[in-house]
Every structure is written in C-alpha cells, then in structure tokens.
Amino acid sequence: MELRHLRYFLVVAEERHFGRAAARLHIAQPPLSQAIRRLEAELGVELLHRTTRRVELTEAGRAYLARVKAILADVEQAGHEARRVAAGVVGHLAIGCVGSVTYSLLPALSRHLAVELPGVDFSFRGEMLAPDQVEALRSGEIDLALLRPPVADRSLTVTPLRRDRLVVALPAAHPLTGRERVRVTDLGETPLIVHSAGRRSVMYGVVLGLFRDAGLEPRVRHEVGETSTVITLVAGGLGVAVVPEPVTALALDGVVYRPLAGPAATVDLALAHRADRAEPHLSRTIELIRGLAS
C-alpha cells in the first residue's frame, strides 16, 4: 500500500465519480480504477459501490475514509514539523548565564528570542559561574552558556562575543566616588568583595591578577558566589568590588559605579556549547545571540 493510493481513494470518495477524480488527480481514469481495485484487494473489503453514473461508499468505505483523512493529515503535519525542525524554529534549549549577563543581556535576549524563535521553548539559568556552566554543558543540563573565558574543555566550542570593560562598585559614601576613574592602586588598602575562589570563579582570578600586576596584595574580605550578593554587600558598605560593566544594570541604592582605569581593565564574554551538538535550532539561537551581544 502506498500513500498515493490513500490519496486516490480520498479524492474518489469526495468526488463520487472516477472521471472527475481522475481529472482532479491529473491521471487517466483506468489507472485510477485499477489502483482502487488493488487497494480493495489488499484490504479484502469492498470500499465503493460502482454504477455507470456514480460511486457510493460502502459502510466499510465510510469507516476507512475517516481513518484515511486522519492518516493523510498526520502525514502532512509530520512534514510540516520536519521542515520547521530543519529550519531551526522549533525545539527546546536551556541557556546558562554568568551574573553580569543575567542583569544586562538576559532581559533583552529573552524578549528577542521569543519574537524571533517563538516555536523554541527556552529556559534560562542565571547567576552561574563559568566552571558550573562547563559542568552543566557536559552533563546536558544546559545547551548554551554565556560565560567568561578561558574555557579549557576541548569538548566545547567557544565563540567570543565581545569584550566588556571593568568597573569598580563602591559604597555611596566611599571617598573614591568623587573620581571619574579609579585605578587599581587606589584600592590597595580597601577591603574587597570577590566571587568565590573555592568555586573557581573566572572573575576571582581576573581581579587578583589586576592587583598582583600592580604589585599589590588584595585585601579580600568576602567571597560570594552570586553577582547580586557581591553588589548587595557593596551597598551595605562592607567593601568594594571589581565587576564587568554590564553589572551596572543592577542598580542598587547605596552603590556607585566608576570605570576602572588601565589597558588591562577588560574581560571577555563568550558563548559555549558542546562541540557534538549541531541541531538547527541551536545554530539559529547562536546566530541571534551573537548579533544581539555585539
């Protein structure tokens, strides 16, 4: 049995006439009649009562017609869904974000993806440190990661997105708020609030590297895992923090942001995914994120 035989039967049942059905199908009438006869023989039932003027459905034919309509509709829907999958407009993706992206890029990104890829089911995990994102990519817990490199895992494909400036988050009453820019050397005796070293935060290494390059030993007072907690502690007057500029989107009372001076005062943002992943909706999402992030 072939799908075309089902379509032949459907058209004959709708037209109730072999001649009109043949014209509609753009085939000759004898091959159409033979195809319906073969279908009936294969099923072992008579589907049609034939007269010289008209064709009527038997009881078996009416029951079969209902199923044929459903089958052909399912075939059409399957093709439609396959084309949408191939075009990358359906699927599910989980995206993990570092803290600075959570507060700056993520709101615009979620709106943009909802408009451009409404058939893709997106979920987001914010406030993830880069090492946690790498582990989540390996396990399949997330599909894409917006993180701070470096990433040493060769099973991942890492795509640079942009370079963000670093800023200093200061308590509102701190004397350095009067400066247009703050140098690392200005922070030598100031208590620092940093991302957790124990969780291998990239920003922890960046900040300590800035201090050591300046010949200073940083005075780390608090280590925390979430960017929101870093800024909250700054607002509480417990110290200062060096963070990527997009964190300024997290505007809390009691916090003032100032640019960090110096040529090394930047940090990269990248997009990572498993190298063995190549689904169309993943590729479409990567393209959209690259355009938006830049």
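- From H112, atom NE2 reaches atom CD1 of I289 across 9.5 Å, with rounding to the nearest 0.5 Å.
- F9 is linked by a ring pair (Phe, Tyr, Trp, His ring centres under 6.0 Å) to Y64, counting only residues two or more places apart in sequence or in another chain.
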**Asked** Does the side-chain hydrogen bond (donor to acceptor under 3.5 Å, both in side chains) test come out yes or no for S100 and R148, once each step is laid out?
**Response** CA-CA 10 Å; S100 56; R148 301 290 179 187; 2.6 Å; yes
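- Taking D276 as the reference, R274 meet the side-chain hydrogen bond (donor to acceptor under 3.5 Å, both in side chains) condition, with sequence neighbours excluded.
- Rounded to the nearest 0.5 Å, atoms CZ (R4) and CD (E2) are 4.0 Å apart.
- Between the side chain of E127 and the main chain of S228, a donor-acceptor pair closer than 3.5 Å is present.
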**Item:** CA sep, side-chain torsions, deciding dist, call: E135, R138, salt bridge (Lys or Arg N to Asp or Glu O under 4.0 Å)
**Value:** CA-CA 5 Å; E135 290 299 325; R138 288 173 180 159; 2.4 Å; yes
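- Interatomic distance, CG of L137 versus NE2 of H273, reported as 9.5 Å (0.5 Å rounding).
- Between R162 and P246, the shortest heavy-atom contact is NH2-CG, 3.6 Å.
- In terms of modelled atom types and a separation under 3.5 Å, the side chain of Q133 and the main chain of L146 share a donor-acceptor contact.
- Side-chain atoms of R54 never come within 3.5 Å of backbone atoms of H17 as a donor-acceptor pair (strictly under, hydrogens ignored).
- Under the 4.5 Å side-chain criterion, counting only non-hydrogen atoms from C-beta, R165 is not in contact with L260.
- Between R62 and E59 there is a salt bridge, since a side-chain N of the basic residue sits under 4.0 Å from a carboxylate O of the acidic one.
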